[in-house]
Every structure is written in C-alpha cells, then in structure tokens.
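Here's the structure, in structure tokens; my notes come after.
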Number of protein chains: 2
Amino acid sequence: MGIAERKIRQREEFRASILEAAWQQVISDGWQSLSIRKIADAIEYSIPVIYNHFENKEAILLEFTKEGFQKLADTLQTVKDQYTVPAEQLEAMAHAYWDFAFDHKEYYQLMFGLGIPACDRVNEIEELKNATSVMISTIKTAIEESSHPETDYFLKYHTYLSILHGLVSIQMIQKEGKPDAAKKMILQDAISGFIISINRK
Amino acid sequence: MGIAERKIRQREEFRASILEAAWQQVISDGWQSLSIRKIADAIEYSIPVIYNHFENKEAILLEFTKEGFQKLADTLQTVKDQYTVPAEQLEAMAHAYWDFAFDHKEYYQLMFGLGIPACDRVNEIEELKNATSVMISTIKTAIEESSHPETDYFLKYHTYLSILHGLVSIQMIQKEGKPDAAKKMILQDAISGFIISINRK
DNA sequence: TACTTTTGTTAACACCGTTAACAAAAGTAA
DNA sequence: TTACTTTTGTTAACGGTGTTAACAAAAGTA
C-alpha cells in the first residue's frame, strides 16, 4: 500500500514548506523577527499545525543553523580541493570563509548567535571610541618603534581587535563560565603571533 | 530656589534605580529576558514611568553597552600604564581584554550582540563537526609538513577559527552589506601571519 | 486660592510562543 | 457501506511582551 509512503512524502513536503516560509522571513527581516504566527499566515494554515512538525520555534532556527554549517563545510571542502599545499589551502579557505559569511549573512548570524541590539548604531557610541583609542595608540607606537614603521596601524588595529574578539566569542559560545588556563594559551599563541608580525614584517 | 535642583537630583536617582533594577535582571537572567514590566515591578512603579526616563527598552540596554565599553577602556588603560614597551603593553592588554570579557560576561555580550539561540547546544550539532574537521585536517597536515611537527594542532585550529570569526563578526557589527576589498586586506594580513606562525615557530 | 506643570496610574493595543479542547477529515476493518 | 480509530486541523485561550493614549493626582507657581 502506497498510502503510508504518500503520507510520509506529504508530511515531508509540509515540513519543507514551513521551512521555506520561515526562511523567507529570515532573509527579509532577519531571524530576530521570525514568528510562528507569520509562518502560519504564510502557509495559510493555523498556528498549531507547525507544532506537529517542529517542537518549537527554536527547532526551526536550529534547522537553519545546521544547514548553514553544512553549507560552510561543503564550501570549505570544495575550496580546499583546489589546492595541494596546506598553506595555500588555509589561505584559500580563509577567504572562502569570509565570503561565505557575507554571502550568507543570515546563516552566519544564526550559526554564531550574532546580532542583537543597535548594531547599526554601534558607531555612535562615544565610549567605544575610548576603548579603541587605547588600543590604536599602543599599536601605533609599536609600529613606529618597529623595523617597518610604514605599516598601516589601522589595519593592524582591526587585526588585533578581531583576534581578541574572535577568541572570546568562540569561547563564549562553546562553554559556560570562565575557561581554564589551557584555553588562555590560544590567546597567548595568537597574540604573540600578532606581535611578531608587527615587529618584523 | 533649590527645588529645581532637587527635582533634577530626584530624576537622576529614579533613572539610576531603573538601571539598577534592570541590571539585576540582566546579570541574573541574561539581557534576553529583560523586560520593562519586570523592571516596573522591581521598582514598584507602573510601567509607563519608565518611558519618562528612557525612550524604549533598547535605550536601557544601550546604557549598559556604553558602560561596558567605558569599563573596558578604563581597564585597558590601567593595564597599559603598567608597561612601557609597546609589545608588552599589547600582550598585557590582550590578557586584560580576555579577562574583562569573562569577568563581565553580561557586558561583553551586550557590547557585541552575542548570544541568542541554542548556544549551549551548539556542540550537539553534527554539521558543525563537518565544518571543523575540514579545517582541522588541513591544519594538521600543514603542521606535519612544517619544521615544528610537534605543534598542538587543536590549539592552532582554535586560533585559526577565532581569527576568522573575529574578523567576520567585527565587520558585521560595524557595517551593512559586504565589505569592500580594502577590508579583506585585514583578513589577508591576519591569515598570512597565522600561516607564518605555523611554518616557522 | 486658582492655575499650570509634572508625575503617575489604569487600561488598552498589537504583538508574541505555546497548548488544551474539540471538530473534521482520512484511513481501517467489519 | 457502515462503525471505529487515527491523523490532521481548527478555535480559543493562557500568559507573556513593548508601547501608548487617556486620565487622575500630586507638586509647584501665581
């Protein structure tokens, strides 16, 4: 009897249509404003049917998170396969990672839990400049005293901050509480590499 | 007449008590679950009074964001002043930055818009492992072929990912749309530094 | 005392995620 | 075809959210 098969297929299609409607909302208004009600409205069904296919709203978002990680994995693998020297692979993968993030911004934000408050207004925060200026001035001095004083200090500042923020936020996503000393070795490793890159370019 | 002065002072105190109540909620339940109603309940006033002092909920959170950046700035400055050599300053500031982030997790998450979905469940995502394994295997090979094959590849993987994620997320916070080629130079700079640090330690 | 301004309240609007209770449709067995 | 069971869908509600309009009360001013 093909009835069971058809039912499974229909269920799968229904599930896909929910995800489709949800994704439309995510890419048009960001994942923050995704709502079960709007999904129900889009697929022209009542609200509770969605709960027949997904445990809750988070489960729907989790689906996209998984999708995103898989897409990233595929992208990285494809790029990697185009090179043989590991250093070239790492460099190409880095650019691919970057491109993926901005070509699929919605995925990336979901994957790493990004984007909440006044992200577009962050540049207006005066206190932010206080923090940046401390870092920038230090880097500027470090560069001036180095063997390559012509180095772009603003670029180096961005690198410095990015390394720090990257380390911290990755760590925060993965673990609760303050990480142990072993985790701080990653910081030590990255930052000493950065300092070396300034002192002798 | 000191009446005007007293009124200003009382207004300021009221404002502070709102922030105090709000902050209590943020540190106990995370900024996600901060609500105007709970603030009103805590200060034992009706809801609309809060809107006499803050335009909206976001404005309250923005206040903490500013506070956070100022605290970070002060911390960095204090640490910097304890050293004279720029390289030492940068290193000390990096550790201070790290400590600040985890000692004031709530601030940090607000400042950089961190933490939304199943952050605690991110390790259960199978697709994530697909992405990481591509990167890890490449780094492993790179290290094996380098002059220091005993290097901890897991540490280097974390460094690699952190640099990438840091670059991307900082860029995403600050700007809309895909950043220009000039911004990608930061990526190039950081990643070539990383590769160098692997090839000759 | 009469008037104005500030401050606070109640009550509502328009959303949200989630679920219980129930109706309708679909499938199954006689 | 009929009687029963299971699946699927609905309505309506619960408890929560940010925000605001309309109004009362208190405080300050003349």
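Scope of the values below: all heavy atoms of this structure, side chains included, with no hydrogens, waters or symmetry mates. Every value quoted in this text rests on a predicted model; they were computed, and no experiment measured them. Quick note on labels: first sequence line is chain A, next is B, and so on, each numbered from 1.
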Ionic contact status for Glu63(B) with Arg15(B), cut-off 4.0 Å:
yes

Is the shortest distance from a Lys or Arg side-chain nitrogen in Asp189(B) or Lys184(B) to a carboxylate oxygen in the other one below 4.0 Å?
no

How many Å lie between [atom1] on [X] and [atom2] on [N], as a whole number?
{"X": "His53(B)", "N": "dG18(D)", "atom1": "NE2", "atom2": "C1'", "value": "19 Å"}
{"X": "Asn56(B)", "N": "dT20(D)", "atom1": "CG", "atom2": "P", "value": "8 Å"}
{"X": "Ile60(B)", "N": "dT19(D)", "atom1": "CD1", "atom2": "P", "value": "9 Å"}
{"X": "Lys57(A)", "N": "dT17(D)", "atom1": "NZ", "atom2": "P", "value": "15 Å"}
{"X": "Gln32(A)", "N": "dG18(D)", "atom1": "CD", "atom2": "P", "value": "15 Å"}
{"X": "Gln25(B)", "N": "dT17(D)", "atom1": "CD", "atom2": "C1'", "value": "13 Å"}
{"X": "Ile8(A)", "N": "dG27(C)", "atom1": "CD1", "atom2": "C1'", "value": "15 Å"}

Parallel, tilted or perpendicular: ring planes of Phe112(A) versus Tyr97(A), cut at 30 and 60 degrees:
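Tilted.
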
Sub-6.0 Å ring centroid separation between [X] and [Y]:
{"X": "His104(A)", "Y": "Tyr108(A)", "answer": "no"}
{"X": "Tyr157(A)", "Y": "Tyr153(A)", "answer": "no"}
{"X": "Tyr107(B)", "Y": "Phe64(B)", "answer": "no"}
{"X": "Tyr45(A)", "Y": "Phe14(A)", "answer": "yes"}

According to the salt bridge (charged side-chain N to carboxylate O under 4.0 Å, His left out) rule, which pairs have a member within residues 24-38 of chain B, sequence neighbours left out?
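Applying salt bridge (charged side-chain N to carboxylate O under 4.0 Å, His left out) to every pair that reaches into residues 24-38 of chain B, excluding sequence neighbours, yields nothing.
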
About how many Å separate [atom2] of [Y] and [atom1] of [X], when rounded to the nearest 0.5 Å?
{"X": "Leu128(A)", "Y": "Ile125(A)", "atom1": "CG", "atom2": "CD1", "result": "6.5 Å"}
{"X": "Ile60(B)", "Y": "Ile39(B)", "atom1": "CD1", "atom2": "CD1", "result": "4.0 Å"}
{"X": "His158(B)", "Y": "His165(B)", "atom1": "NE2", "atom2": "NE2", "result": "12.0 Å"}

Give me the stems containing DNA chain D, sorted by first residue, counting only three or more consecutive Watson-Crick or G-U pairs with both distances under 3.5 Å; say none if there aren't any.
C:1-30 with D:1-30

Leu34(B) near the nucleic acid: base, sugar-phosphate alone, or nothing, with a heavy-atom cut-off under 4.0 Å?
sugar-phosphate

Between Ser33(B) and Gln10(B), which is nearer to the 5' end of DNA chain D once each is assigned its nearest nucleotide?
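Comparing both residues, the 5'-ward one is Ser33(B).
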
Pairs under 3.5 angstrom only: tabulate donor-acceptor contacts from the side chains of residues 137-144 of chain B to other protein residues two or more places apart or in another chain.
from, atom 1, to, atom 2, distance (Å)
Ser137(B), OG, Lys80(A), NZ, 2.8
Ser137(B), OG, Ser133(B), O, 3.1
Ser137(B), OG, Val134(B), O, 3.0
Thr138(B), OG1, Lys80(A), NZ, 3.0
Thr138(B), OG1, Val134(B), O, 2.8
Thr141(B), OG1, Ser137(B), O, 2.9

Residue pair Leu19(B) / Phe54(B), side-chain heavy-atom distance below 4.5 Å:
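In short, these two side chains touch, coming nearer than 4.5 Å.
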
For DNA chain D, which residues in residues 35-43 of chain B have a heavy atom at a distance below 4.0 Å?
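Hits under 4.0 Å, by residue number: Ser35(B), Ile36(B), Arg37(B), Lys38(B).
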
Will you find, in the side chains of Glu150(B) and His148(B), an N or O donor that is under 3.5 Å from an N or O acceptor?
yes

Tabulate protein N/O versus nucleotide N/O from nucleotides 19-24 of chain C, keeping only pairs under 3.5 Å, one per line.
none

Using the 3.5 Å cut-off, write out each protein N or O paired with an N or O of nucleotides 4-8 of chain D and the distance between them.
from, atom 1, to, atom 2, distance (Å)
dT7(D), O3', Lys7(A), NZ, 3.4

